[in-house]
Number of protein chains: 2
Amino acid sequence: MPARYEQIAAELREAILGGTYPVGSHLPSEAALAARHSAARGTVRQAVALLASEGLVGSRQGARRVVLRGERDQLFGEPYDFARWAGALGHRAGGEVIGRRRRKASATEAVRLAVCAGEEVLSMLRLRTLDGVPVLVERAVYASWVVPAVEVLEPGCESVVGALGETAGLAFRHGEHLIDAVAAGVQEARLLAVRRGSPLLRRRRLTSTAEGRPVEWSDDRYRAGSVVFATRSPGGVNPSLAGQDGDLR
Amino acid sequence: MPARYEQIAAELREAILGGTYPVGSHLPSEAALAARHSAARGTVRQAVALLASEGLVGSRQGARRVVLRGERDQLFGEPYDFARWAGALGHRAGGEVIGRRRRKASATEAVRLAVCAGEEVLSMLRLRTLDGVPVLVERAVYASWVVPAVEVLEPGCESVVGALGETAGLAFRHGEHLIDAVAAGVQEARLLAVRRGSPLLRRRRLTSTAEGRPVEWSDDRYRAGSVVFATRSPGGVNPSLAGQDGDLR
DNA sequence: GGACAAAACTTGTGCGAACAAGCTAACGGC
DNA sequence: GCCGTTAGCTTGTTCGCACAAGTTTTGTCC
């Protein structure tokens, strides 16, 4: 059973999304909510803090909380899962594994995955499609300690992260994203059916366990025009200067 | 004076960044921190929750908190300010205003800025440079209620947001970002000194006051290779399908 | 020594109270 | 009617306590 404050948050969230509290309207006061749910004010505050972190409500000392958004945006805060994401948006995800092999970790990969340099990792190249249209080239590297669990998965498996969550009982969260634009190379142009040099949106992402242990480091390149990344700010999108490999410094 | 939990958080943050608690090490227990600062455990929990939201520490029920990062990344959570950002990274920001005029808000702009459709807004086109190299074309639109405050600023003003914060006493935070890749058009190619069709990283961003009132809606296009956007996940980067205008749905 | 069980420790959740700080609306004087 | 003051409401911060749930260490038995 979820925690009490999560229940209250879920109820409020549904009410907001369902239109009971339209955008711009005020939420009931914490005292009122506490009375309604027979909970302490602190518990209610935990609930609304959750909604605030999702960007649904805003607050100002002294004034009642205001509803800022009336629609959920897709999968906020959840770890990346292409298949689930596409499904939630009513589209059909497909794809194929172009290549999969073990090799030694590069210096950057070793740092990202917090493994020793030269340790063996699993490298995987995948093409993802949306409703049959190729939209994404994914180059993922898995940390050595999950390689056995990943290798037993059938190559056609659509969601490595999802499957690992079930078989290995691991909870994931995303750690970091580095986003920039690059020109399509020869291989990407062929796979995505675009001209060489046309713009691609690149996202390098690190998936970690809930405790912060890195699992997967991936370089994803999206065809321009196919997807838009959305983010809200407390949580912060921050430009940083690009180095040779665009690492954070 | 900042709140108690912010002081404790700041102290812990400095200790982590300063190497007192190296990456991978454990933080003292909440009880120990509470005793050291003569504060209640709840207050300490608020402090470490802040650090956790910044991605500096992780936690697991029953086990001590672990330090996840030892370096601050640039300006996390702060509202966008090109000049300040560049300065913090040791680079010289420059730029010029190409155009500035009042006009009626488009439908999208009206929605974004939460003003009535057709209301007058201030449109501004700017070229930004880093160490003399053009890196960014910025097309910003300001909500009518701040137009007077914006117009009195000299055109050479490097930081509109910063200036408004000082003159009007407004506190800002970012609301939303939409990030994708586009090909350079004729104007952008000329301004950024790249070939037409070469990849640009586009970020459309909404800046709001702390209470959630929209102030600025801007379409920023960065030359590929010049910047990388970084973000951490609780706070969420979420791909969404691209519509005609890439709006969230 | 090694495996198992218990104890000690640590974080997660929840309650209730109190005061501070800021906002709103009602009230009263002009 | 208009405006300033005031009283009441609402959120922000802090305290202290208690128990639940999970982890780590200790200790014991074989």
Side-chain angles (χ1 to χ4, degrees), chain A residues 1-12 16 21 24-68 77 168-171 173 209-213 234, chain B residues 1-12 16 21 24-68 169-171 173 209-213 234:
Chain A
M1 196 172 65
R4 193 73 190 288
Y5 73 92
E6 285 178 315
Q7 294 175 31
I8 298 176
E11 202 172 311
L12 281 174
I16 292 171
Y21 304 116
S25 69
H26 294 271
L27 237 50
S29 74
E30 293 174 0
L33 288 172
R36 180 191 305 176
H37 293 90
S38 323
R41 186 161 81 103
T43 305
V44 170
R45 280 183 67 79
Q46 280 185 75
V48 292
L50 205 58
L51 299 184
S53 78
E54 293 168 6
L56 284 175
V57 302
S59 72
R60 232 163 87 222
Q61 181 171 111
R64 291 257 285 278
R65 277 168 213 276
V66 179
V67 177
L68 296 179
L170 294 170
R173 73 165 193 201
T209 65
E211 299 91 52
R213 178 126 104 123
Chain B
M1 193 172 67
R4 195 71 191 290
Y5 74 92
E6 285 178 314
Q7 294 175 32
I8 298 175
E11 203 173 311
L12 281 173
I16 291 171
Y21 304 115
S25 69
H26 294 272
L27 237 51
S29 74
E30 293 174 0
L33 289 172
R36 181 191 306 174
H37 293 90
S38 325
R41 186 162 80 103
T43 306
V44 171
R45 280 183 66 79
Q46 279 187 75
V48 292
L50 204 59
L51 300 185
S53 79
E54 293 168 6
L56 285 175
V57 301
S59 70
R60 230 163 91 221
Q61 182 171 107
R64 292 255 287 277
R65 278 169 211 277
V66 179
V67 177
L68 297 179
L170 293 171
R173 74 162 192 202
T209 65
E211 299 89 52
R213 178 124 106 122

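Small disclaimer: the values here were computed from a predicted structure and weren't measured. First the proteins, then the strands, lettered A, B, ... as listed; each starts at 1. Note: hydrogens, waters and symmetry copies are ignored here, and every other heavy atom, side chains too, is used.
To the nearest 0.5 Å, atom NE2 of residue H37(B) and atom CZ of residue R4(B) are 7.5 Å apart. Atom CG of L12(B) and atom CG of L56(B) lie 10.0 Å apart (nearest 0.5 Å).
Mapping G62(A) and A39(A) onto DNA chain C by nearest heavy atom places A39(A) closer to the 5' end of the strand.
Under the 3.5 Å distance criterion, the side-chain polar atoms of R65(B) are left unmatched by any main-chain donor or acceptor of S59(B). No donor-acceptor pair under 3.5 Å is formed between the side chain of R41(B) and the backbone N or O of A31(B).
Counting to the nearest Å, the P atom of dC15(D) and the CG atom of L33(B) are 13 Å from each other. L50(B) has its CG atom 14 Å from the P atom of dG12(D), to the nearest Å. Nucleotide dT11(C) holds its C1' atom 6 Å from the CZ atom of R45(B), rounded to whole Å. Atom NE2 of H37(B) is separated from atom P of dC15(D) by 12 Å (rounded to the nearest Å). The CZ atom of R60(A) sits 5 Å away from the P atom of dT24(C) (whole-angstrom rounding). Atom pair R4(A):CZ and dC19(D):C1' shows a separation of 16 Å (rounding to whole Å applied). E30(A) has its CD atom 16 Å from the P atom of dA17(C), to the nearest Å. The distance from atom CD of Q61(B) to atom P of dG22(D) is 6 Å, rounded to the nearest whole Å.
Between dT10(C) and R41(B), no contact under 4.0 Å exists linking OP1 or OP2 to a side-chain N or O. Here Y5(A) reaches the OP1 or OP2 of dT13(C): one of its side-chain N or O atoms lies under 4.0 Å away. Residue T43(B) has no polar side-chain atom (N or O) positioned under 4.0 Å from OP1 or OP2 of dT13(D). Look at S29(A) and you won't find any side-chain N or O under 4.0 angstrom from OP1 or OP2 of dC9(D).
Here the side chain of A3(A) is nearest to one of dT13(D), dG14(C), dT11(C), namely dG14(C). Listed nucleotides dT10(D), dG16(C), dT11(C) differ in distance to R64(A); the shortest reach to its side chain belongs to dT10(D).
I16(B) is listed as a side-chain neighbour of V57(B), based on a closest heavy-atom distance under 4.5 Å.
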